[in-house]
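First comes the structure, then the notes that go with it.
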Amino acid sequence: MTRGTPPDARSGQNDGTDGIPDDNPDEVPEGAPDDGSAESRPGAESRPGTESWRGVERALLPMRRLVLLCWLLPSALALGVVPALFVEPVWALFALVPLALAAWSWGALGRNWHSWRYAERADDLLISRGVLRREVTVVPYGRMQLVEVTSGPMERRYGLATLQLHTAAATTDASIPGLSPAEAERLRDRLTELGEARSAGL
C-alpha cells in the first residue's frame, strides 16, 4: 500500500445520513442482524446507496463485564469490607460506592457493545460506535497502510480477535474489537487486497 498519503479516516457524529445507524442503541440498523450478533456472511457486498451493517460477537460483552468485576470487586473489599471487620462497621458503607459503579457500568457495557457496527462499502469501510456520543469513522481502502489482527489472552479465552487498521496518520487509526478470528482474518485479507488494488489505481 502507498505511504505518505494524507490522513484517510474521518470521525464525527452521526447526522442520520448514508445509512449510518441512529443514536438509539436498541434499534438495529438496516441490514444488521436483529439480535446484534455478527452475521456469518463472508464477502457480502452492499448494494449502492445501502450498507450491510454487521455487529460484533456477543462474547465481547461477558469478557468486558468480567474485566469490570475484576477491577471493582477488590475495590469494594478494600474500601468497605476489610475496614468494617477490623475498625468500625460503618466503614462497610464505603463498599457501596464501587458496587453502585459496577451496577451502572454493567448496563453501560451492554449498550456500548450493541453500538459497535461496521459496514463494507465499495470504496471504504465504515465503523460506528458509541451511545451518548455516536462516532462514525470512514476509512478509504486506498489509504490504509497496514491491517493486522491481534488477540490478547482474554480475547483468546473467549474466542475473539481485534482488527487494527493503520493509516497514514496515527490519529486516524481505527479498530474493530469483538470479532471472531475467522471474520477478523477475512476482513484483514479482503481489506489488504482492496487497499493494494486502490493504491495501484485499479
Side-chain angles (χ1 to χ4, degrees), residues 1-15 17-21 29 31-32 36-57 59-60 63-64 67 112-131 133-202:
M1 300 181 186
T2 58
R3 295 182 178 272
T5 53
D8 56 324
R10 304 178 295 280
S11 298
Q13 292 183 335
N14 177 24
D15 60 0
T17 61
D18 297 331
I20 296 171
S37 61
E39 289 182 294
S40 56
R41 297 187 298 171
E45 297 289 343
S46 59
R47 294 173 298 173
T50 64
E51 284 73 43
S52 179
W53 290 93
R54 300 185 182 189
V56 297
E57 294 290 332
L60 179 65
M63 185 192 76
R64 288 184 168 179
V67 173
N112 178 266
W113 164 78
H114 198 283
S115 72
W116 276 93
R117 294 285 185 272
Y118 63 97
E120 302 168 65
R121 300 199 298 186
D123 298 313
D124 50 41
L125 177 72
L126 299 181
I127 304 174
S128 175
R129 72 275 189 197
V131 179
R133 183 174 183 271
R134 177 62 57 87
E135 293 186 4
V136 176
T137 301
V138 183
V139 186
Y141 298 137
R143 305 298 176 81
M144 290 185 294
Q145 292 186 330
L146 176 65
V147 183
E148 61 180 349
V149 175
T150 61
S151 184
M154 284 289 291
E155 288 178 307
R156 291 195 299 270
R157 171 67 178 79
Y158 282 85
L160 299 173
T162 298
L163 184 75
Q164 299 279 353
L165 306 172
H166 300 278
T167 63
T171 55
T172 59
D173 290 351
S175 64
I176 306 176
L179 299 173
S180 67
E183 173 67 3
E185 292 174 3
R186 182 193 71 82
L187 280 172
R188 179 197 60 194
D189 296 342
R190 182 170 188 271
L191 295 178
T192 300
E193 180 181 358
L194 288 171
E196 292 174 349
R198 296 300 189 279
S199 299
L202 300 180

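Source: prediction; values computed, not measured.
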If you round to the nearest 0.5 Å, how far is [atom2] of [Y] from [atom1] of [X]?
X	Y	atom1	atom2	value
R117	R134	CZ	CZ	8.5 Å
M144	D124	CE	CG	9.5 Å
E148	T192	CD	OG1	10.5 Å
R186	L163	CZ	CG	10.0 Å
M63	M154	CE	CE	6.0 Å

Work out which heavy atom in [X] is nearest to a heavy atom in [Y]; give both atom names and the distance.
X	Y	result
W116	S175	CZ3-O, 3.5 Å
A161	P181	CB-CA, 4.2 Å
V56	L60	CG2-CD2, 4.0 Å

Option passing side chain to side chain contact (heavy atoms under 4.5 Å, CB included) with L125 (candidates L165, V147, V138, T137): L165
When you compare the side chain of [Y] with that of [X], does any pair of heavy atoms fall below 4.5 Å?
X	Y	answer
V149	Q164	no
R190	Y141	yes
E120	L187	yes
N112	R64	yes

Has [X] got a side-chain atom pairing as donor or acceptor with [Y]'s backbone, closer than 3.5 angstrom?
X	Y	answer
W113	E57	yes
S115	R129	no
Y158	G178	no
Y118	L126	no
S151	L160	yes

Does atom CZ (R157) have a neighbourhood of more than 12 heavy atoms from anything else shown, all under 6.0 Å? no
Under 3.5 Å side-chain donor-acceptor pair for T162 and E155: yes
Could you check L191 against V139 for side chain to side chain contact (heavy atoms under 4.5 Å, CB included), going step by step and ending with a plain yes or no? CA-CA 10 Å; L191 295 178; V139 186; over 6 Å; no
Pairing of D123 and R198 as salt bridge, 4.0 angstrom limit: yes
